[in-house]
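Here the structure is laid out as structure tokens; the discussion comes afterwards.
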Amino acid sequence: MGKKEKGRIQSIRGTRDILPPESDRWLWLEERCRCVLGRFGYSEIRGPLFEHTELFQKGTGEGTDIVLKQMYTFQDRAGRSLTLRPEGTPSVARAVIERGLLKRAKVLKLYYIGPMFRYDRPQAGRYRQFDQLGAELVGVPGVEGDAESVHLHVMLLRELGLSQFTVKVNSVGCSKCRPTYSRLMRERLSDELENLCEDCRERFERNPLRVLDCKVKGCKEVAQGVPPILESLCDECRSQFEEFKARLGLIGLSFQEDPGLVRGLDYYTKAAFEIHHDLLGAQSALGGGGRYDGLIELYGGPPTPAVGFAAGLDRILLSVEKEEVAVPPALPVEVYVASVSQAGREKCFVLASSLREKFRVEVDLLGRSLQAQMKAANSVATRFSVIIGEEELSSGIYTVRDMESGEQEKVPEQDLREYLRRRLGL
RNA sequence: GUGGACGUAGCUCAGUUCGGUAGAGCCCUGGACUGUGGAUCCAGUCGUCGCGGGUUCAAAUCCCGUCGUCCACCCCA
């Protein structure tokens, strides 16, 4: 109907309204996720949706696609440059420092869930406002933290009934060995610049590692000629990567080693991982993360190891559809209170109101005929209907209809709650 | 940011080739059945055919622009 007005206001490109019954699926998703996070000992941190632009420039990285061309950045009325968060980790790191969280505990397990914003070209499973769940484990230097983070991500997916996904792992080295490898790549690539695509020539300057996961044929061939990063890792990183994989094996997680896996953000070190769904198209990354031992120090905090990941809830929900997981319905209607005539309507209204202290109850609000009410009762799939007409009004004994069998019983008002409770198995 | 497909009722879509007064199914509402739903049958509501402009006696249909969605790239969640 809104279409009639010309010049009507539309939702912003890349945003959407999640309507019922779709919104029930989101509630289910979040509830299941919070449950798993609770089992792993994580607590929620709720931060602002926008931050000083500088936070992302410094942390996410000046040269990254996100900072270069995907941020919603604007000036507030005082002329400060602010940015709608494109990812969650920088805010968590900032809060950890600003609120002194590490002074209270050596290990922090924090999760967040909510909207992120990136100015990208929309596609199925990719929106400009999208929902992410992130889990950060702060203060743990060892590979057990890495493995636990992967495990947590996998458990989130399994809890939702998903099984058709693949875990990919790699190591991107530490502050010591990564620069060595970057130098090596530059040396190797400098002779082959003409064989690289335009993007990769730019990557060559900014972050040569990212040439490794370019999909252009020529670049792939060039990349093949470069020894994998694993061969350039320092002894510590190399052994940690082996231990990381061993830990995954210990808890029965299968994974693929992917030397081309290079995360797009500057702050990652050592362990990196991504999880892709096997049945999704190009937008198949369900989540990814890794270790970021330098980030908190970069923001002016104490040197602090940390590992974490972010998962895309939109795509996870797409996977849930793809794998045809049965999402349990929202609370079904338990009782429909119907009136035979106008005379019974008041009583129905009062009865419905009081039954709602215990049951999910529907009652007609439009003054419709009994037949119409029964149709409505049927279409909301109620278990029972209570029918009130002249007889019931004068006797105080109501007619209760079992909507599955069609059988009816007479139940006095004072016994009604107990009767329904019993029949509903509550 | 690049290339391509598509936009018709709340939903799924036909009609566009070759211009001629907007259709179907589902949903919704009412009735057949005036104290009873699910099956069946009958009837009814909803559209300025995404928006704006152009060509034409006449445009859902042809042309241009624009907005949006989808696919691939890019990037990733």
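Below, read A as the first sequence line, B as the second, and so on, with proteins coming before strands; counting in each chain starts at 1. Note that the structure is predicted; figures quoted are calculated from it, not measured.
- Out of B/rA72, B/rG37, B/rU2, the shortest distance to the side chain of A/M403 is found at B/rG37.
- Using a 4.0 Å heavy-atom cutoff across all strands shown, A/T382 reaches no nucleic acid atom at all.
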What are the atom names and distances for every N/O pair under 3.5 Å that joins the protein to nucleotides 29-31 of chain B?
| from | atom 1 | to | atom 2 | distance (Å) |
| --- | --- | --- | --- | --- |
| B/rU29 | OP1 | A/R368 | NH1 | 3.2 |

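- Between B/rC71, B/rC73, B/rG35, one nucleotide has an atom nearer to the side chain of A/R126 than all others, and that is B/rC73.
- Contact annotation for A/A282: base contact, defined as any heavy-atom pair under 4.0 Å involving a base atom.
- The side chain of A/E390 lies closest to B/rG35, out of B/rG35, B/rG38, B/rC74.
- Within 6.0 Å of CD on A/E54 lie no more than 12 heavy atoms contributed by other residues, nucleotides or ligands.
- Here A/Q129 lies out of heavy-atom contact (under 4.0 Å) with every strand.
- Considering only side-chain atoms of A/R13, the nucleotide from B/rA77, B/rU69, B/rA72 that sits closest is B/rU69.
- Separating the NZ atom of A/K69 from the P atom of B/rC73 is a distance of 15 Å, rounded to the nearest angstrom.
- Sorted by first and then second residue, the pairs that involve residues 30-41 of chain A and meet side-chain hydrogen bond (donor to acceptor under 3.5 Å, both in side chains), not counting sequence neighbours, are A/R32-A/E159, A/R34-A/E44, A/R34-A/Y111, A/R39-A/E159.
- Every residue two or more places apart in sequence or in another chain was checked for a ring-ring contact (aromatic ring centres under 6.0 Å, His included) with A/Y419, and none qualifies.
- Using a cutoff of 4.0 Å between basic side-chain nitrogens and carboxylate oxygens, A/R118 and A/E87 are not scored as salt-bridged.
- Looking at heavy-atom distances under 4.0 Å, A/D120 makes contact with a base.
- Taking side-chain N and O atoms only, A/R401 has no distance below 4.0 Å to OP1 or OP2 of B/rG37.
- Regarding contacts with the backbone of B/rU36, every side-chain N or O of A/Q373 stays at 4.0 angstrom or more from both OP1 and OP2.
- Where A/I12 and A/I275 meet RNA chain B, the nucleotide closest to each residue was compared, and A/I12 sits on the side nearer the 5' end.
- A straight line from CG of A/D17 to C1' of B/rG68 spans 14 Å, rounded to a whole angstrom.
- The residues A/R383 and A/D402 are annotated as salt-bridged, a charged nitrogen and a carboxylate oxygen being separated by less than 4.0 angstrom.
- As a whole-Å value, the separation of A/Q342 CD from B/rG35 P is 13 Å.
- The residue A/Q408 sits close to a base: some heavy atom pair falls under 4.0 Å.
- A salt bridge links A/R247 with A/E144; the closest basic N to acidic carboxylate O contact falls under 4.0 Å.
- Between B/rU36, B/rA72, B/rC70, one nucleotide has an atom nearer to the side chain of A/T399 than all others, and that is B/rU36.
- Backbone-only engagement by A/L286 is indicated by non-hydrogen atom pairs under 4.0 Å involving sugar-phosphate atoms exclusively.
- Residues A/E321 and A/R25 meet the side-chain proximity criterion, which asks for heavy atoms closer than 4.5 Å.
- Figure legend: cation-pi geometry between A/R423 and A/F384 absent, as NZ or CZ is not positioned both under 6.0 Å from the six-membered ring centre and within 45° of its axis.
- A/G134 comes within contact range of no nucleotide atom at all, as no heavy-atom separation falls under 4.0 Å.
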